[in-house]
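Below is one structure, written out as structure tokens; the observations come after it.
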Amino acid sequence: GEGTRYLRADSSVDCASSEYLIFKMQMTPVLIVYLSIPLGYLALLHGVRDRLRARADASCDQQRIIEEAALRLKEGSDERLRPLKFLYKGYRPQFWYWECVESYRRIIMSALPVVDTPIRRGFTGGFLSVFAVLVYREIAPYQKSTTNVLNLIVQLELAAVFVYASLLLNHDGEEYTGVLAGLDEGTVGWVVVLSNVSGWAVALAFAWRFMRTVWLSEQRIRDAMAEQLATEAAQAEGEGLPKAVREFTPFADTPEVKAVFEALNETADEVSAHVRQRLVSERR
């Protein structure tokens, strides 16, 4: 009748029934607690924020990097940081709070089904994904560059899927009349699969490039160390000892110190002669 409301996801549920109202009253506190969990994480991290980031007055980037490395070395023995490691591990020190932001991003994305129409859900999800791409592209919150690249690719894939869905699900009240609504289900599925596979192929290409760069850098370091050891071995074999050892001058043999010791010896001789002369005169 007039004023009767039914649940959109299940029209058999009367939103005005006592059973639904009781369920709503029971689930509201649970929902509040669930949405407050990231805030609890933020409060815990805020209490140890000084231990997660370098001092703001660090004079240069190199000093800040050294201090951040020292903080990371201490986290294993710090009783307050150890239980919270899962909340900040992997993020750059200045983004110690980012897990809370990421939690709310996931909550918002998982709540998209509450949007009333498929076309609005598609465009809302696409907009949020594109916004996430811009934010993550600018701040790069993760420590590893590969993680930042993979995260960008995932957000781009989500944006592409949502935009693609919005083009398929443009509903005019009677039927779907989207730009791509005439495609059969097989074509739609293959396009989604291929787009996702292409995204992961790009991610693997970036990962391979990064790993190759790291491997080449480590190889250059190993070659330089091997060359240095070979040079030192040749010096030891051909000349007995390395040049630095052969040219080493003891402290006592330096001209300045040697002159001081000679002056002390002369003074000691004069004093000794004076003492002997005095003893002789006293005996007389």
Side-chain angles (χ1 to χ4, degrees), residues 8-9 31 34-35 37-39 41-42 45 85-172 175-215:
R8 183 180 293 108
L31 185 61
Y34 171 71
L35 294 177
I37 290 176
L39 293 177
Y41 289 161
L42 181 62
L45 291 172
K85 187 183 295 186
F86 74 101
L87 291 176
Y88 65 84
K89 194 69 174 177
Y91 294 104
R92 293 161 62 191
Q94 61 266 42
F95 296 107
W96 51 269
Y97 56 87
W98 198 257
E99 182 63 24
C100 306
V101 178
E102 181 66 15
S103 297
Y104 279 117
R105 186 192 68 81
R106 296 169 189 156
I107 291 174
I108 293 173
M109 296 298 289
S110 63
L112 285 178
V114 301
V115 181
D116 55 355
T117 63
I119 185 65
R120 291 177 181 174
R121 282 197 294 271
F123 275 110
T124 302
F127 170 78
L128 293 176
S129 299
V130 172
F131 180 75
V133 169
L134 297 177
V135 172
Y136 281 107
R137 173 64 182 82
E138 291 300 319
I139 67 174
Y142 299 102
Q143 290 181 352
K144 296 183 178 180
S145 58
T146 51
T147 306
N148 289 309
V149 172
L150 288 174
N151 185 59
L152 286 177
I153 292 174
V154 170
Q155 300 303 324
L156 286 171
E157 287 186 344
L158 287 175
V161 170
F162 277 115
V163 173
Y164 186 59
S166 65
L167 296 176
L168 286 170
L169 301 178
N170 187 12
H171 200 275
D172 63 356
E175 60 179 356
Y176 292 111
T177 59
V179 177
L180 305 176
L183 297 177
D184 60 277
E185 295 180 356
T187 303
V188 172
W190 275 110
V191 170
V192 174
V193 170
L194 290 176
S195 63
N196 282 275
V197 171
S198 300
W200 282 110
V202 173
L204 290 175
F206 275 106
W208 176 83
R209 181 180 178 183
F210 174 78
M211 294 302 297
R212 184 174 182 273
T213 303
V214 172
W215 181 83

Practice task
Output yes when a side-chain donor or acceptor of Arg120 lies under 3.5 Å from a complementary backbone atom of Val115, and no otherwise.
Solution key: no

Exercise for the section: Report the distance from atom CG of Leu152 to atom CG of Leu134, rounding to the nearest 0.5 Å. Expected result: 9.5 Å

Exercise for the section: Hey, could you give me the CD1/OG distance between Ile108 and Ser103, rounded to the nearest 0.5 Å? Expected result: 11.0 Å

Exercise for the section: Give, for atom CD of Gln155 and atom CG of Leu158, the distance between the pair rounded to the nearest 0.5 Å. Expected result: 5.5 Å

Exercise for the section: Return the set of residues passing side-chain contact (heavy atoms from CB on, under 4.5 Å) with Leu87 (not counting sequence neighbours), or none when no residue passes. Expected result: Tyr41, Leu45, Leu84, Glu99

Practice task
Assess the pair Tyr142 and Tyr91: is the distance between their ring centroids shorter than 6.0 Å?
Solution key: yes

Problem - Any side-chain heavy-atom pair of Ile107 and Tyr34 under 4.5 Å - result: yes

Completion exercise
All heavy atoms of Met109 vs all of Gly125, minimum pair found to be CE-O, 4.3 Å

Fill in the blank from the handout: d(Phe162 CZ, Leu112 CG) to nearest 0.5 Å is 5.0 Å

Exercise for the section: Indicate the atoms forming the closest heavy-atom contact of Pro38 with Cys100, along with that distance. Expected result: O-SG, 3.4 Å

Exercise for the section: State whether the number of non-hydrogen atoms from other residues, nucleotides or ligands found under 6.0 Å of Arg212 atom CZ is greater than 12. Expected result: no

Problem - Minimal non-hydrogen separation, Gly126 against Ala159, with atom names - result: O-CB, 4.2 Å

Handout entry: Non-hydrogen side-chain atoms of Val130 and Val163 separated by less than 4.5 Å
Key = no

Exercise for the section: Taking atom CZ of Phe131 as the centre, report whether more than 12 heavy atoms of other residues, nucleotides or ligands fall under 6.0 Å from it. Expected result: no

Completion exercise
Closest non-hydrogen contact found for Pro113 with Ser110 is CD-O, 3.3 Å

Handout entry: Atom pair CH2 (Trp208) and OG1 (Thr213), whose distance is rounded to the nearest 0.5 Å
Key = 8.5 Å

Problem - Pairs touching residues 127-138 that satisfy side chain to side chain donor-acceptor pair (under 3.5 Å), sequence neighbours left out - result: Trp98-Tyr136, Glu102-Tyr136

